[in-house]
Number of protein chains: 2
Amino acid sequence: MRATIREVAREAGVSPSTVSRALSMPEMVNPATRERVLRVAQRLGYAPNRAARGLITGRTGNLGLIVPDLANPFFPSVVKGVQAKAREADYAVFLADTDEDPAAEIGLIRVLAKQVDGLILCSPRGHEDEIRELSESMTLVMVNRRFGSIPSVVFDNVDGMRQAVAHLQALGHQRAAWVGGPRTSWSTRDRLRGLRAATAAVGMELVVAGHFPPQFEGGVAAADLIIASGVTAVIAYNDLMALGLLGRLRDRGVSVPQDMSVIGIDDIQMSSMSSPALTTVSLGKEQAGRAAVDLLISLLQQPEGVRSARRELPTQLLVRASTGVARTN
Amino acid sequence: MRATIREVAREAGVSPSTVSRALSMPEMVNPATRERVLRVAQRLGYAPNRAARGLITGRTGNLGLIVPDLANPFFPSVVKGVQAKAREADYAVFLADTDEDPAAEIGLIRVLAKQVDGLILCSPRGHEDEIRELSESMTLVMVNRRFGSIPSVVFDNVDGMRQAVAHLQALGHQRAAWVGGPRTSWSTRDRLRGLRAATAAVGMELVVAGHFPPQFEGGVAAADLIIASGVTAVIAYNDLMALGLLGRLRDRGVSVPQDMSVIGIDDIQMSSMSSPALTTVSLGKEQAGRAAVDLLISLLQQPEGVRSARRELPTQLLVRASTGVARTN
DNA sequence: CACGTAGATGCAAACGGTTTCAGACTGCGG
DNA sequence: CCGCAGTCTGAAACCGTTTGCATCTACGTG
């Protein structure tokens, strides 16, 4: 079927070793023969079998990427970034979706681990101990989570929350609510931490509404609590939930932004299309994917040096139509 | 690092061949030894190296999946379906995103082809000849496209369009417009074909607005043409475009559904969240992904039999708030 | 002219499995 | 006691590469 290195060798009148060298260590072979080999390889459409190569080199040329839920538009964006960067570096990407299930996550990591050089865990929900243990037997990078010395790419949630709070304060809000995401999500904790710091700094009161599924429905479910709490502004764990809030608030006759200001996080595409358009803390999602691949590849190339590295990406508040001057009673 | 078959063999006091058999042809080995081997394998955490196995068996246990654009929510859904089904069948999935670029598509197919047993091409934009040629050297399944005898999974666009037109007719519409997707998309042609048949059958006039990018912006761009055309209803190639239409219509002061009815296709999540909520032709996206994997695996298992197979999935009109009784002048 | 050296190439082993083939062992009938 | 069939098992070849080492050639040098 496909040409093998032996056929190329025979056709070019050299040994397989020479073909191999002509392709991967060009300076070790006579320019004339190299030229001849390359031409034959070209003609036969030869490309080395990566599995066979991986067998001996111990490197597969594959990356693994694990995400909690592709149905949340945040993740496809990250995947796109990973994909693009990996392709540039000539890596292929294995993708797995855990459906927000920590157990499935660990299982998938285990099975994928054997087929890749490195793994990117996007917003992993698994237990710290398990991830830490895995990180000792393979190189992995986390996105949207940080603990221990495991390499990671995260967003500057603290600054993002600071911007959001500053915006609300400028609009005269004095009490704001936080609608949290999954209990197992690191970023929900990190964001809440940032929010606490930011509200405390400006003397704003913060009402914490607890944990909800990180989906549209989660926002819908949280809305009535928010209305009852008497705040004039609400910040949601992500845009999907913020949009859910928006929907339910409208149904309840609470007009946004006159009666209530709503801020999301992520800047997914549809948040610019809602009505009112959603004010949100924008994250460089594709950029995070690319950064994770960068980090992973640099770790793979390091002989056995620093096993730790961290990147923190900036966040930016995008003011749209869902925030306004606080209602004064 | 990881246990090899030889270590298991030594530990269990048998030869590597026996270990191999104990694992993959259980009935060929004495129950007692098999038991012993399995226990040792379990204890050592042994799992066969798939690359090594693939080298000799010629099967990698991997599937490839190529999509035009993960940023369009249609595709993540399909990916999810593929992913889930593949995992059940113990296949790992390579994912690639072509960014709607036919050239990149062909390139990615070529590079992925060598590392997988089969390939799923979702809404491929490439040229028929190239795909046909590729299909001869490997097993592939297309989703959302059909030509020649290449195995495929498609939606029953004709019936979907029929339902949409029937709905519009019942509301009294006499002139409707079609906003097409990419020229290279098979389904845009297929849908238009269905639409032509359906409108002709009921004596409705159809205005074809041409081709637009299959994104929100494409719908925005098409909106003014639609308004100018004087129709009372419009059907868009996909929901993203329909949402773009909705947005621009509102900006232009055209109220939906009083002045204009809008129908999308795909039933992506956000179409139920827009205002007004979008009437759309719902497609079983995850189901399509699963069906494609099913098909692919059955093709792989066939000794060399029928190389062709087709599945057509039903479509269903979902009436929401963006369609209403035709405006009477 | 003998010799050391450097550059280019080939040989063969290795990677971690699977599979063919043949041999060892068992139990059984003659 | 021998032969035979049947069941298990092990040795070895193989998949397609890479790579350490040996070989060979040609060349410059003393």
Side-chain angles (χ1 to χ4, degrees), chain A residues 1-41 44-62 90 92 111 113-117 138, chain B residues 1-38 40-41 44-62 90 92 111 113-117 137-138 300 303:
Chain A
M1 173 86 71
R2 281 186 46 217
T4 97
I5 202 173
R6 270 175 256 272
E7 303 178 39
V8 177
R10 184 161 41 76
E11 202 78 1
V14 296
S15 78
S17 348
T18 305
V19 176
S20 173
R21 281 187 281 250
L23 289 156
S24 48
M25 3 178 104
E27 71 292 349
M28 278 196 62
V29 62
N30 185 304
T33 39
R34 183 202 325 158
E35 180 61 25
R36 183 157 38 97
V37 168
L38 290 183
R39 247 205 313 277
V40 173
L44 267 49
Y46 169 77
N49 179 323
R50 299 178 78 132
R53 168 184 290 175
L55 204 50
I56 186 142
T57 61
R59 323 186 65 239
T60 62
N62 298 333
D90 202 29
V111 54
K114 332 209 145 136
Q115 311 186 55
V116 302
D117 296 337
M138 69 172 315
Chain B
M1 172 86 71
R2 282 185 47 217
T4 97
I5 201 174
R6 272 171 251 273
E7 304 177 39
V8 177
R10 184 161 41 76
E11 201 79 1
V14 296
S15 80
S17 348
T18 303
V19 176
S20 173
R21 279 188 284 250
L23 289 155
S24 48
M25 2 178 103
E27 72 291 350
M28 280 196 61
V29 63
N30 185 304
T33 39
R34 183 200 326 154
E35 180 59 27
R36 182 156 40 97
V37 169
L38 291 184
V40 173
L44 267 49
Y46 169 78
N49 178 322
R50 299 180 80 132
R53 169 185 287 174
L55 206 49
I56 184 133
T57 61
R59 323 187 66 240
T60 62
N62 298 333
D90 202 27
V111 54
K114 331 213 145 133
Q115 311 186 55
V116 302
D117 296 336
S137 66
M138 69 172 316
L300 289 172

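Keep in mind that the numbers below use all heavy atoms, side chains included, and drop hydrogens, waters and symmetry copies. Chain letters run A, B, ... following the sequence lines, proteins first, then strands; residues in each count from 1.
A:T18 comes within 4.0 angstrom of the backbone, heavy atoms only, and of no base. When heavy atoms are screened at a 4.0 angstrom cut-off, B:S17 is found touching base atoms of the nucleic acid. Among the heavy atoms of the strands lying under 4.0 Å from B:R6 is at least one base atom, whether or not backbone atoms are also near.
Atom CD in A:E7 sits about 13 Å away from atom C1' in D:dC15, given to the nearest Å. The separation between B:I5 atom CD1 and D:dA12 atom P is 17 Å, rounded to whole Å. The OH atom of A:Y46 sits 7 Å away from the C1' atom of D:dG16 (whole-angstrom rounding). Rounding to whole angstrom units, CD1 of residue A:I56 and C1' of C:dG17 are separated by 14 Å. Atom CZ in A:R50 sits about 13 Å away from atom C1' in D:dT17, given to the nearest Å. Protein atom CG of B:N49 is 14 Å distant from nucleotide atom C1' of C:dA14, rounded to whole Å. A:Q115 places its CD atom 14 Å from the C1' atom of C:dG16, with the value rounded to the nearest Å. Going from atom CG of A:L55 over to atom P of C:dA13 covers 17 Å, rounded to whole Å.
Between the CZ atom of B:R10 and the OG atom of B:S15 there is a distance of 13.5 Å, given to the nearest 0.5 Å. Taking OG1 from A:T60 and CG from B:N49, the interatomic distance works out to 10.0 Å, rounded to the nearest 0.5 Å. Here the OG1-CE distance, from A:T18 to A:M28, works out to 9.5 Å after rounding to the nearest 0.5 Å.
A distance-only check finds a donor-acceptor pair linking the side chain of A:S24 to the backbone of A:S20 [under 3.5 Å]. Without hydrogens or angle criteria, B:R21 side chain to B:V29 main chain gives no donor-acceptor distance under 3.5 Å.
Within residues 19-35 of chain A, the residues that have a heavy atom under 4.0 Å from DNA chain D are, in order of number, A:S20, A:R21, A:M25.
Across B:G61 and B:R50, no two heavy atoms sit closer than the pair O-NH2, 3.4 Å. For the pair A:V8 and A:V19, the tightest heavy-atom approach, listed with the atom from each and the gap, is CG1-CG1, 3.9 Å.
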